[in-house]
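These notes concern the structure reproduced below.
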Number of protein chains: 2
Amino acid sequence: MPDNDRFDLQEFLPYLLNQAAEMSSLEFQQVYKDRYGMLRTEWRVLFHLGLYGRMTAGEIGHSAKMHKTKISRAVHRLAERRFLARTRDAADRRVEHLDLTAQGRKAYAELREIAMEYDAALVAKIGRDQAEILRQTLRVLAELPPKD
Amino acid sequence: MPDNDRFDLQEFLPYLLNQAAEMSSLEFQQVYKDRYGMLRTEWRVLFHLGLYGRMTAGEIGHSAKMHKTKISRAVHRLAERRFLARTRDAADRRVEHLDLTAQGRKAYAELREIAMEYDAALVAKIGRDQAEILRQTLRVLAELPPKD
DNA sequence: CCTTGTTAGTTACAAAAACAACTATTACAT
DNA sequence: ATGTAATAGTTGTTTTTGTAACTAACAAGG
C-alpha cells in the first residue's frame, strides 16, 4: 500500500477537468448525435459558421484549436450532407470559403437553442456566481482571450 | 450573418470545459507518453493502483468512469510491460486482483511527483483561491446525473 | 522566368476508441 | 439439480483520431 501523501487523483486538475468535461458534454452530445448524426468536430464547425458566418477551414481550426485534418473531414461530411457550401476564393485559389446552407442554419438554430438550455441547466446546478468564476478560470486555463 | 443573440461558443460550458481539459492534460500527457509509452487509460490505471493499492478492473472502471474494454486493454498492456501483476481471486474466479510491481511503483512515484508539480503550476496560473473553487465546482459537474 | 520556401487543404496509413458479441463463472429461483 | 439471469472480463469489428506525407497554389529572391 503506497503512501498517499498529499496527492489525490480525484483532485488532480487535469483529471478533474477531463471528468467534468466528459460529463458535461454527454447530454448535449446525444442531441447532435441522435438528431443529426454529427460528431463533435462537426458540430464545432457548424457552430463556428452559425455564430461567426463565413469562415475558412484554417480560421475555424485556429479558433477551435483543432488540427486541420479534423476540420477537413468534418467539412467534407457536412458538405456531403448539405449543411454547408464550399466556395473557392477567386484571388487565392488555395482557400475555400465555407457558408452554412439553409439546412445548416436550421440545424444550427435548433442546436443553439438546446445548447443554451443545457448551459442554463449546468449553471443552475452549480450556482450562478460559481458559474461565472468557472468560465473565467476555464478561459485562463484554455488560454483564450478573457471576455470583455 | 446569423443572429448571435446572447450565445457565444467560447462561453458554452461543455465547450469551454473541453478546451481547458485538453490544454491542461497536454503537458502532462507528454511525460507519460514519451517517458513510459503510456496512454491516458494506462496512466489512469497506474495511478489508481499506486494511490489506492490493490484493485480489480471493475473497481477501477467504476472509479474512473471508464468502459471495461478500455480498462481490459490498459491492464493487458501494463501487465505485458511488467508494471502490474494480475492475481485471480480464489473465491470468485471471475475477478482478478491487480497490484503494481516494483517497476510499476517506481513509475507511479515518478509520475506522481511530476503530476503534483504540474498541478501546482496550474494553481499558480489561476490563483490559489480560484483553484479551490474550481475543484469544488468541477467535482459537482463530474457527478453522475440523477437517474430518471 | 526558375528555384526554394510557405500555406491551404487533402489523403493514406497506423493508432486508439466505441460498440457489440463473446467466454467463463457465479447467483438464484424454481 | 437445472435452467435463467447476472457479473467479470475479453475479443472482434467498425469508427474515429493522429501522424506524416502529399498536391496545389502562391510568394519572393535571384
Side-chain angles (χ1 to χ4, degrees), chain A residues 18-19 21-23 25-27 29-30 32-34 36-46 48-49 54-81 84-99, chain B residues 18-19 21-23 25-27 29-30 32-34 36-46 48-49 54-81 84-99:
Chain A
N18 266 291
Q19 297 287 96
E22 214 162 294
M23 266 300 151
S25 17
L26 216 68
E27 215 174 308
Q29 181 172 32
Q30 279 318 106
Y32 59 73
K33 192 176 166 192
D34 294 352
Y36 295 102
M38 284 184 196
L39 303 173
R40 183 147 51 184
T41 52
E42 288 159 25
W43 84 252
R44 282 188 180 180
V45 168
L46 187 89
H48 270 84
L49 295 175
R54 164 173 283 205
M55 292 180 87
T56 68
E59 288 166 349
I60 297 173
H62 187 260
S63 164
K65 296 190 185 87
M66 287 202 289
H67 196 268
K68 56 182 180 173
T69 62
K70 264 189 179 173
I71 308 273
S72 175
R73 278 158 180 153
V75 166
H76 180 82
R77 279 180 47 110
L78 288 171
E80 198 171 52
R81 298 168 176 210
L84 62 79
R86 338 172 71 161
T87 319
R88 282 239 161 268
D89 184 279
D92 185 343
R93 306 196 321 104
R94 288 170 305 181
V95 335
E96 215 171 37
H97 299 287
L98 307 170
D99 301 271
Chain B
N18 266 289
Q19 297 287 93
E22 215 162 291
M23 271 296 156
S25 17
L26 217 69
E27 215 174 309
Q29 181 172 30
Q30 279 320 106
Y32 58 73
K33 193 178 166 189
D34 294 352
Y36 295 102
M38 284 186 196
L39 303 173
R40 181 144 63 186
T41 50
E42 287 158 27
W43 84 252
R44 282 189 180 179
V45 168
L46 186 89
H48 270 86
L49 295 175
R54 162 172 287 203
M55 292 180 87
T56 68
E59 287 166 350
I60 297 173
H62 187 260
S63 165
K65 296 186 186 94
M66 289 201 287
H67 196 266
K68 57 184 181 173
T69 62
K70 267 188 180 174
I71 308 274
S72 175
R73 277 162 177 145
V75 166
H76 179 81
R77 278 181 47 110
L78 287 170
E80 199 170 53
R81 301 169 173 208
L84 62 78
R86 339 173 67 160
T87 319
R88 282 242 161 266
D89 184 280
D92 183 344
R93 309 197 319 106
R94 288 170 304 181
V95 336
E96 214 171 36
H97 300 287
L98 307 170
D99 301 271

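Just so we're on the same page: letters track the sequence lines, and every chain starts at 1.
Note: CE (B:Met66) to P (D:dA8) measures 16 Å, nearest angstrom. The separation between A:Asp34 atom CG and C:dC19 atom P is 11 Å, rounded to whole Å. Atom CD of B:Gln29 is separated from atom P of D:dG18 by 9 Å (rounded to the nearest Å). Computed from coordinates, the A:His67 NE2 to D:dT17 P distance equals 14 Å when rounded to whole Å. Atom-to-atom, CZ of A:Arg88 to C1' of C:dT10 comes out at 10 Å; the value is rounded to the nearest Å. Going from atom NZ of B:Lys68 over to atom P of C:dA24 covers 15 Å, rounded to whole Å. For the pair B:Arg93 CZ and D:dG9 P, the computed distance is 14 Å after rounding to whole Å. Separating the CG atom of B:Leu26 from the P atom of D:dT17 is a distance of 17 Å, rounded to the nearest angstrom.
If you check distances only, the side chain of B:Arg73 does reach the base of D:dG12 with a donor-acceptor pair under 3.5 Å.
Each of B:Arg77 and A:Val75 lies near DNA chain C, and the nucleotide nearest A:Val75 is the one positioned closer to the 5' end. In terms of position along DNA chain C, the nucleotide closest to A:Val95 lies nearer the 5' end than the nucleotide closest to the other residue of the pair B:Asp92 and A:Val95.
Residue B:Ala91 is in sugar-phosphate contact alone, with no base atom involved, counting any heavy-atom pair closer than 4.0 Å across all strands shown. Note on B:Thr69: a base of the nucleic acid sits closer than 4.0 angstrom, heavy atoms only.
Between A:Thr41 and A:Arg73, every side-chain heavy-atom pair lies at or beyond the 4.5 Å cut-off. A heavy-atom distance below 4.5 Å is not found between the side chains of A:Arg44 and A:Ile60.
At least one side-chain nitrogen or oxygen of A:Arg86 sits closer than 4.0 Å to the OP1 or OP2 atom of C:dT10. Contact annotation: B:Lys70 does not reach the phosphate of C:dA16 (side-chain N/O to OP1 or OP2, under 4.0 Å). The phosphate of C:dT7 (OP1 or OP2) has no side-chain N or O of A:Arg94 nearer than 4.0 angstrom. Applying the 4.0 Å criterion to OP1 and OP2 of D:dT19, one finds that B:Lys33 has a side-chain N or O inside that range. In this structure, B:Ser72 does not reach the D:dG9 phosphate: none of its side-chain N or O atoms is under 4.0 Å from OP1 or OP2.
For B:Ala57, counting side-chain heavy atoms from C-beta on, the closest listed nucleotide (C:dA17, C:dT25, D:dG9) is D:dG9. Here C:dA16 is the nucleotide among D:dT17, C:dA16, D:dT19 with the atom lying nearest to any side-chain atom of B:Leu39.
Listed by chain and residue number, A:Glu96 satisfy the salt bridge (Lys or Arg N to Asp or Glu O under 4.0 Å) test with A:Arg86 (two or more places apart in sequence, or in another chain).
A salt bridge links A:Arg77 and A:Glu42; the closest N-O separation between the charged side-chain nitrogens and carboxylate oxygens is under 4.0 Å.
Here the CD-CD distance, from A:Gln30 to A:Glu27, works out to 9.0 Å after rounding to the nearest 0.5 Å.
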